[in-house]
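Worksheet: one structure, shown below.
The figures that follow rest on heavy atoms only: side chains count, while hydrogens, waters and symmetry mates do not. Each ligand, and each atom within it, is numbered from 1 in the order the structure gives.
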Amino acid sequence: MRRKLFLSTFAVILVTLVLSMLSVNLVFERQFTTYVTKTTESSISQLPERLSSIYINNGNHWDKASLDEMSHYLPMGTQITLKTPEDKIITILNNPMAEMMQESMMGMGMNYSIEAWKTQTFTIKGAEGTTIAKAEVRYPSNARLLNPDDISFVTAVYRSLLLAGLAALVIGLLLSLWTSNQLVKPLRHLTYAVRRVGLGHLDEKVVISSHDEVGELANAFNSMADDLKSQENLRKQFTVDIVHELRTPLTSLQSYIEAFQDGVLPPNEENLSALSEEIDRLVSLSSDLKDLNIAEIGKLRPELQPVNLLSIIEKVIRNLSPLIHEKNIKLSTDLPPESVMLLADERLLTRLFYNLIHNAYKYTEREGLIKIELFVRNNSVEISIEDNGIGIPEEDLPFIFERFYRAEKSRARETGGTGIGLALVKQILLLHDGTIQVNSTVGQGTKFIVNLPLKKEITS
Ligand code: ADP
């Protein structure tokens with residue numbers, strides 16, 4: 001990147017310099033050519049008068065000395081061929097300086113040769129108005145800079161342009177070096193951090209204070225590292241929880257079976273139902289996990305069919321009421337008398353309400369209260385499950401629908417939570433175009449409000 005920036009700055013400065021020199025050259029060429037040609041032509045227009053006054057002042061003679069003196073004032077590159085009216089050459093006049101200058105310029109390696117000419121012929125009149133001679137004047141039509149002052153001016157302009165170009169080059173290169181350093185340094189930090197994260201060091205952070213695109217990239221990287229870290233933590237925590245979840249019922253099953261084998265416990269109905277409860281726990285855990293996994297990879301296909309939501313909720317309440325009564329929790333319901341039909345997957349909706357009501361039971365102290373209500377609105381049905389249990393801390397609320405997330409981990413372990421239930425609830429609602437809201441205050445209770453759309457074709 002550093003080399004690219006360096007080269008592009010160099011190229012920009014070089015192109016600017018060459019273009020400005022070319023444009024200066026063009027302007028000078030145009031302006032000076034027109035100017036020099038005009039001055040030449042205006043001084044040439046005075047020639048007939050000057051020649052005739054030389055002739056008259058010298059007693060109607062062509063005086064060589066006076067003619068030579070006049071030739072010193074001829075414009076550069078101009079040549080006069082003075083002829084008699086009968087076309088006999090009297091003399092040829094040149095500015096003697098022009099030849100000397102051209103030679104010295106050739107010596108300096110500059111080519112100032114004249115490429116195109118113009119000619120004018122004048123009649124020179126004597127004192128009585130008679131024609132005394134003809135003057136054929138030849139002068140450069142695209143006059144070059146021959147005046148030493150003009151040349152040194154143009155050279156000075158070129159020199160200062162070159163100097164400015166050189167200064168721009170040096171400053172530009174220093175600036176490009178500085179800019180590339182500013183850009184490259186944070187990018188190197190980022191590359192290093194990305195490599196470290198790739199090697200599993202998820203704590204890696206980049207500190208970049210700039211607010212430009214690189215700063216944005218660093219922020220995005222940091223939050224990605226944070227996400228990876230929290231996913232990693234959740235995964236680790238989940239493994240610990242799963243091991244715990246599996247071990248508890250398995251150990252209990254093992255002890256029961258050993259007790260049966262040793263004849264310590266009789267395999268009567270009571271003991272067998274305790275065994276079956278443990279197996280139920282294992283089955284529900286594995287089915288929660290399976291559903292969540294399939295839902296998250298987008299392969300859970302709900303079997304939509306007309307179902308009566310009321311009977312689903314009543315069934316879940318029936319299943320959980322022994323547990324609820326055992327904890328002396330008061331259960332109050334406000335459900336409509338008539339059935340509430342919607343298009344849904346019965347098994348998934350049963351799991352959804354089971355998880356929510358089971359949570360209300362889990363996180364409510366003995367003698368507590370659970371309230372379940374169902375209201376049919378215009379196009380949807382609203383079901384709320386409210387408890388006066390331990391509540392959820394405000395800082396945990398945004399995360400409770402993430403898988404494996406449990407508020408106050410030690411407490412959740414006591415209640416046997418794994419942090420899968422609500423994640424599954426969210427996935428099931430997504431499949432049914434439903435929504436869920438939660439309001440909770442620590443120590444006062446929690447209220448989950450589920451909204452499910454009512455399908456027109458069924459309600460009508
Ligand atoms: P878990 O198996 O731990 O209950 P969930 O996904 O069902 O997992 O719930 C996630 C977390 O949300 C729980 O660990 C618990 O901290 C909190 N939570 C859920 N429902 C309630 C509730 N009714 N009262 C208090 N806390 C709750």
Does an N or O from L422, backbone or side chain, lie closer than 3.5 Å to an N or O of ligand 1?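 So ligand 1 has an N or O lying under 3.5 Å from an N or O of L422.
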As a test of understanding, state which of T333, L320, N388, L331 forms a side-chain contact (heavy atoms from CB on, under 4.5 Å) with I370.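 Single side-chain contact (heavy atoms from CB on, under 4.5 Å) partner of I370 among T333, L320, N388, L331: L331.
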Does T350 have any side chain to side chain contact (heavy atoms under 4.5 Å, CB included) partners at least two apart in sequence or in another chain, and if so, which?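 With sequence neighbours excluded, T350 shows a side chain to side chain contact (heavy atoms under 4.5 Å, CB included) to I312, K315, V316, E346, given in chain and number order.
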Atom indices of ligand 1 within 4.0 angstrom of [X] heavy atoms, with elements:
| X | answer |
| --- | --- |
| G421 | 5 (P), 6 (O), 7 (O) |
| K362 | 1 (P), 2 (O), 4 (O) |
| I420 | 6 (O), 8 (O) |
| I400 | 10 (C), 12 (O) |

Within the distance-only criterion (no hydrogens, no angle test), does the side chain of R366 pair as donor or acceptor with the backbone N or O of E326 below 3.5 angstrom?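 Yes, because the side chain of R366 sits within donor-acceptor range (under 3.5 Å) of the backbone of E326.
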Check ion pair K205-D226 (N to O, under 4.0 angstrom):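 Yes.
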Whether [X] lies under 4.0 Å from ligand 1, heavy atom:
| X | value |
| --- | --- |
| G389 | no |
| F448 | yes |
| N355 | no |

N/O donor-acceptor pairs under 3.5 Å from side chains in residues 187-197, not counting sequence neighbours:
from: T191; atom 1: OG1; to: L187; atom 2: O; distance (Å): 2.6
from: R196; atom 1: NE; to: E204; atom 2: OE1; distance (Å): 2.9

So, taking the atom named NZ in K426 and the one named OG1 in T435, what distance separates them when rounded to the nearest 0.5 Å?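 With rounding to 0.5 Å, NZ (K426) is 13.0 Å from OG1 (T435).
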